[in-house]
Every structure is written in C-alpha cells, then in structure tokens.
Amino acid sequence: QVQLVESGGGLVQAGGSLRLSCAASGSFSGTNVMGWFRQAPGKEREFVSGISRSGGSTYYTDSVKGRFTISRDNARNTVYLQMNSLNPEDTAVYYCAASKRFVISTTPSQFGSWGQGTQVTVPA
C-alpha cells in the first residue's frame with residue numbers, strides 16, 4: 001500500500017498560481033500512473049490530470065488545459081500540479097491518487113490509493 005500526502009493548497013486570487021505537491025511513501029508498485037482529482041461542494045469527484053510513470057505521457061481535462069501542468073520526480077517520489085490562471089471554478093478539494101495501471105485513466109475507481117486532499121480556494 002502506498003501512502004499519499006498532498007500539500008500546497010490555499011487561498012489565491014483569481015489569475016494567481018499555486019503548486020500542489022503529493023509525496024508518496026510505502027510500496028511504490030502501485031504508483032505507475034499518478035493523478036490529480038478535485039471535488040467541489042455538492043459535486044462529484046472529477047479527474048483533473050494524470051501522468052505516466054516515466055512522465056512521458058500526460059493527460060488533462062479540457063477545463064485546465066493550457067493552465068495546469070502535471071509533473072513527477074520519481075527520485076523524490078513526488079508528483080506536482082502547477083496551477084496557473086486560477087479562477088473561481090477551480091475551487092475544490094484536490095486529491096492525489098495512485099494507480100497500478102500503466103495507462104492513464106480518468107476514472108476514480110482505477111486508482112487504488114488516495115491522499116487526504118488539500119483545499120484550493122479562488123474567491124469570486
């Protein structure tokens with residue numbers, strides 16, 4: 001089992017930036033694909049971005065393309081989500097997730113390990 005701990009959330013004005021980090025520990029056999037999801041109040045958890053083990057493949061949901069960048073440092077067992085040009089619609093709890101799969105999936109059930117989440121708030 002892998003343990004995931006997110007950090008870097010906070011309150012930022014519209015147009016600002018944040019960088020989320022996700023540190024992994026434990027068994028790394030389940031960290032082939034890493035992903036970021038988010039959940040706003042009253043809404044379902046949605047996929048934001050995913051990255052392959054090598055970092056050579058990435059995938060983004062349409063609403064964050066061109067604004068968010070996912071990356072990973074396997075030497076540090078850490079995944080990052082650089083978020084630029086934030087807007088109020090980005091307000092949510094952001095979760096890091098790990099999957100044993102080798103193909104990026106947008107489905108939460110394909111990810112076996114989850115962090116506790118970090119709040120991102122962009123006031124209107």
Side-chain angles (χ1 to χ4, degrees):
Q1 189 74 8
V2 61
Q3 291 77 46
L4 305 172
V5 179
E6 303 98 333
S7 61
L11 187 149
V12 62
Q13 297 303 310
S17 299
L18 284 174
R19 188 176 82 154
L20 305 183
S21 299
C22 172
S25 61
S27 173
F28 298 108
S29 63
T31 61
N32 294 318
V33 165
M34 298 294 293
W36 286 97
F37 289 77
R38 66 187 180 185
Q39 188 166 17
K43 295 187 177 181
E44 294 186 354
R45 190 168 298 190
E46 67 167 345
F47 173 85
V48 175
S49 182
I51 187 168
S52 63
R53 185 167 190 82
S54 69
S57 295
T58 58
Y59 189 74
Y60 301 90
T61 192
D62 285 346
S63 63
V64 308
K65 284 180 182 178
R67 300 189 299 123
F68 291 10
T69 302
I70 191 171
S71 61
R72 67 189 293 169
D73 183 340
N74 290 333
R76 289 182 168 83
N77 301 314
T78 302
V79 178
Y80 305 97
L81 185 68
Q82 177 67 44
M83 305 186 297
N84 298 329
S85 301
L86 286 161
N87 59 61
E89 290 69 38
D90 296 315
T91 295
V93 177
Y94 284 70
Y95 296 91
C96 175
S99 173
K100 294 181 178 180
R101 292 171 55 89
F102 290 92
V103 177
I104 299 172
S105 171
T106 64
T107 305
S109 62
Q110 297 298 317
F111 290 78
S113 299
W114 294 82
Q116 82 287 351
T118 186
Q119 177 71 46
V120 172
T121 303
V122 187

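Nothing here was measured: the structure is a model prediction, and the numbers come from that model. Computed over heavy atoms, backbone and side chain alike; hydrogens, waters and symmetry mates excluded.
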Ignoring hydrogens and angles, tell me if any N or O in the side chain of [X] forms a donor-acceptor pair with the backbone of [Y] under 3.5 Å.
X    : Y    : answer
N74  : S54  : no
S105 : T107 : yes
Q116 : V5   : no
Q82  : R19  : no
T91  : V122 : yes
S99  : V33  : no

What pair of heavy atoms forms the shortest contact from [X] to [Y], and how long is it?
X    : Y    : value
T78  : S21  : CG2-CB, 4.3 Å
N32  : K100 : ND2-O, 2.8 Å
A24  : L4   : CB-CD2, 3.7 Å
S113 : Q1   : OG-NE2, 3.6 Å
P88  : A124 : CG-CA, 3.6 Å

Problem set entry | Atom pair CZ (F47) and OG (S49), whose distance is rounded to the nearest 0.5 Å | 5.5 Å
For this session: Measure the CZ-CE distance between R72 and M34 for me, rounded to the nearest 0.5 Å.
Result: 6.0 Å
Do [X] and [Y] have side-chain heavy atoms sitting under 4.5 Å apart?
X    : Y   : result
P123 : Q13 : yes
D90  : R67 : yes
K43  : R38 : no
M83  : L20 : yes

Problem set entry | Cation-aromatic face contact R45/F37, 6.0 Å, 45 degrees | no
Exercise. Near Y60 OH, under 6.0 Å, is it more than 12 heavy atoms from other residues, nucleotides or ligands?
Worked result: yes
For this session: Assess whether side chain to side chain contact (heavy atoms under 4.5 Å, CB included) is satisfied between T61 and F68, documenting all intermediate values.
Result: CA-CA 10 Å; T61 192; F68 291 10; over 6 Å; no
Exercise. Which residue pairs pass the disulfide bond (SG atoms under 2.5 Å apart) test with at least one member in residues 5-66, sequence neighbours excluded?
Worked result: C22-C96
